[in-house]
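Let me begin by presenting the structure, written as structure tokens, before commenting on it.
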Amino acid sequence: MKTTHSNSRRNFMKFVGASSLFAVTPSMANDTTTPHIVVVGGGFSGATCAKYLKMWGGSSVIVTIIEANPTYVSPILSNLVLNGQKTTSDLSFTYGDLSSKYSINMIHSTVNNVDKINQSLTLENGNSIKYDKLVLASGIDFIKVNDYDITKVPHAWKAGEQTDLLKEQIDAMVDGDIFTMTIPAAPYRCPPGPYERACVVADYLKNVKGFNNCKVNVLDANANITVEADTFGAKFAEYGVEYKPSATVEAVDDNTKTLTYTENGVSKTLSSTVLNVIPKQKAAPVIFKAGVNSGNWAPINPLSYESVMANGIYIIGDSQGTGQPKAGHMGNSEAKVCADAILRTLNGVALYASPKTNSACYSPTSTTEASWLTAVFKYDTNEQKMVIANIAAGEPTTSNYSKMFAWSGNLFSDTFA
């Protein structure tokens, strides 16, 4: 097992699912009106935040989730849909437990407008809703290079229908066909995810379908593999994946499945049987509607995740601009810090001064092996930002493959159950 720094993996993982740093008392700062906290987005960050607000705040707060979809499909493990080891149904979660166990209100709609002055939201269904505190946890949006058809060139970076489309295309491949995927410039959701996907697809074509003449190309806008470079580099060599760093997509032709891209300043084209373009990413649309973005992301105070641009609005998960990884487990971790901070603020208690978050993940590299990576972040009072405290990684093994499902199962339960 390969590690960095002297701390053991057990010490790093102790931050997974960390418990509350503060439990709210029954009497809130406002004795006449129960504070209403609205959470926009029902993924790992939003659902976790809502759940822990009610677990720790109880009847002293009203919590509402606004989420467009009645079912959430986890991006975590979704690459295993591509090789047939999972289905999107296996990775689908509803909100029944959050409603019944924790008395969280659910509204299935999207936000059309955020009125920061009057602290209200206008919804697509025509209704409006007032809030005392607003948590924006709506994930990511894409920056496409041109208006190509994503049903023909799927990104599969939001799990569900897109994942199934990509699986259908992969399953239709025959020996000798070409699979090409592209990786956007960082930051993007789930740093190991694209490299993990390339391994899963290459292994599936070669070792499951028995194709010896298929080609897998990876065009990476980054100068090198951004995480677990030794692990993924070795797997690419094993599978014969052709990896092209510093390759930036310029245009996509969805009819001919042709990419125009620049590699080290030279314009090139590449045609493929299956084309999986993962676009460059930015914060979710609601961040821009609320006017809490600076550039493509939302700057926040990492002690609370409150926006530095608007009081009473908090941003967690993929849209936040702290430099912490954009990933499901990190969103779950940020959500607990945010929930704790909101309850402290409502009760007139000082924010916790030394929050820690943890980003942990397992990455399947075949049908039987997975690697792992974990990093603990802590608040640096001098720099006033989250910095890496410890980091460790483990090479692909069958043991890690089994542990991957225990890790993901715990995360699913902690978020949705």
Side-chain angles (χ1 to χ4, degrees), residues 75 78-79 81-83 139-159 161-170 172-173 177-205 214-229 232-233 235-237 239-282 296 318 325-327 363 365:
S78 64
N79 283 331
V81 173
L82 304 179
N83 67 6
I140 53 161
D141 196 12
F142 298 110
I143 306 171
K144 293 166 61 181
V145 293
N146 58 282
D147 191 25
Y148 59 88
D149 187 345
I150 62 171
T151 66
K152 296 179 181 178
V153 181
H155 52 72
W157 220 238
K158 291 184 179 179
E161 180 182 359
Q162 277 280 300
T163 314
D164 290 335
L165 282 171
L166 184 57
K167 175 176 171 50
E168 289 174 8
Q169 293 186 10
I170 292 170
M173 292 177 68
D177 282 348
I178 300 171
F179 175 90
T180 298
M181 66 175 294
T182 71
I183 302 173
Y188 55 84
R189 168 184 281 174
C190 188
Y195 308 106
E196 166 191 311
R197 177 177 291 176
C199 291
V200 167
V201 171
D203 170 71
Y204 179 61
L205 293 173
C214 281
K215 187 173 183 180
V216 175
N217 299 306
V218 175
L219 276 60
D220 192 348
N222 301 286
N224 196 2
I225 297 173
T226 58
V227 291
E228 299 183 71
F232 291 120
K235 282 296 179 182
F236 285 179
Y239 295 138
V241 172
E242 185 167 345
Y243 174 73
K244 297 177 180 290
S246 302
T248 304
V249 176
E250 301 293 340
V252 178
D253 187 325
D254 53 43
N255 287 318
T256 62
K257 303 289 180 70
T258 300
L259 280 176
T260 301
Y261 67 99
T262 301
E263 184 180 9
N264 295 317
V266 179
S267 182
K268 299 180 179 181
T269 60
L270 176 65
S271 296
S272 306
T273 313
V274 175
L275 188 54
N276 173 211
V277 174
I278 304 171
K280 188 177 178 181
Q281 292 159 34
K282 63 180 178 178
N296 285 335
D318 295 342
K326 303 178 186 302
S363 293
T365 55

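- For Tyr261 against Val249, the heavy-atom pair with the smallest separation is CB-CA, 4.0 Å.
- Residue Lys215 qualifies as open at atom NZ: its count of foreign heavy atoms under 6.0 Å is 12 or below.
- With a 6.0 Å radius and a threshold of 12 heavy atoms from other residues, nucleotides or ligands, Glu161 has its CD atom at or below the threshold.
- Judged by distance alone, the side chain of Lys144 and the main-chain N or O of Asp149 form no donor-acceptor pair under 3.5 Å.
- The structure places CG of Leu205 at 12.0 Å from CD1 of Ile178, a figure rounded to the nearest 0.5 Å.
- In this model, no donor atom of one side chain and acceptor atom of the other lie less than 3.5 Å apart for Tyr148 and Asp253.
- A donor-acceptor contact shorter than 3.5 Å links the side chain of Asn222 to the backbone of Ala186.
- Note that CD of Glu250 is 12.5 Å distant from OG1 of Thr269, once rounded to the nearest 0.5 Å.
- Side-chain contact of Thr262 with Thr248: a donor-acceptor pair under 3.5 Å is absent, judged by distance alone.
- Separating the CG atom in Asn83 from the CD1 atom in Ile170 is a distance of 9.0 Å, to the nearest 0.5 Å.
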| message | Using the rule given for side chain to side chain donor-acceptor pair (under 3.5 Å), can you reason through Ser271 versus Thr258, listing the C-alpha separation, both sets of side-chain angles and the distance that settles it, and then say yes or no? | response | CA-CA 4 Å; Ser271 296; Thr258 300; 2.7 Å; yes
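- A distance of 15.5 Å separates CD1 of Ile183 from NZ of Lys280, quoted to the nearest 0.5 Å.
- Of the N and O atoms on the side chains of Lys244 and Asn217, not one donor lies less than 3.5 Å from an acceptor on the other residue.
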| message | Using the rule given for side chain to side chain contact (heavy atoms under 4.5 Å, CB included), can you reason through Ile278 versus Arg197, listing the C-alpha separation, both sets of side-chain angles and the distance that settles it, and then say yes or no? | response | CA-CA 11 Å; Ile278 304 171; Arg197 177 177 291 176; 4.2 Å; yes
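- With hydrogens and angles ignored, the 3.5 Å screen pairs a side-chain donor or acceptor of Gln162 with a backbone N or O of His155.
- Note that CG of Leu82 and NZ of Lys167 are 7.5 Å apart. Values are rounded to the nearest 0.5 Å.
- Side-chain N or O atoms of Tyr188 include one that pairs as donor or acceptor with a backbone N or O of Pro191 at under 3.5 Å.
- No side-chain donor-acceptor contact under 3.5 Å links Gln169 to the backbone of Asn276.
- Residue Arg189 holds its CZ atom at 4.5 Å from CG of Asp318, rounded to the nearest 0.5 Å.
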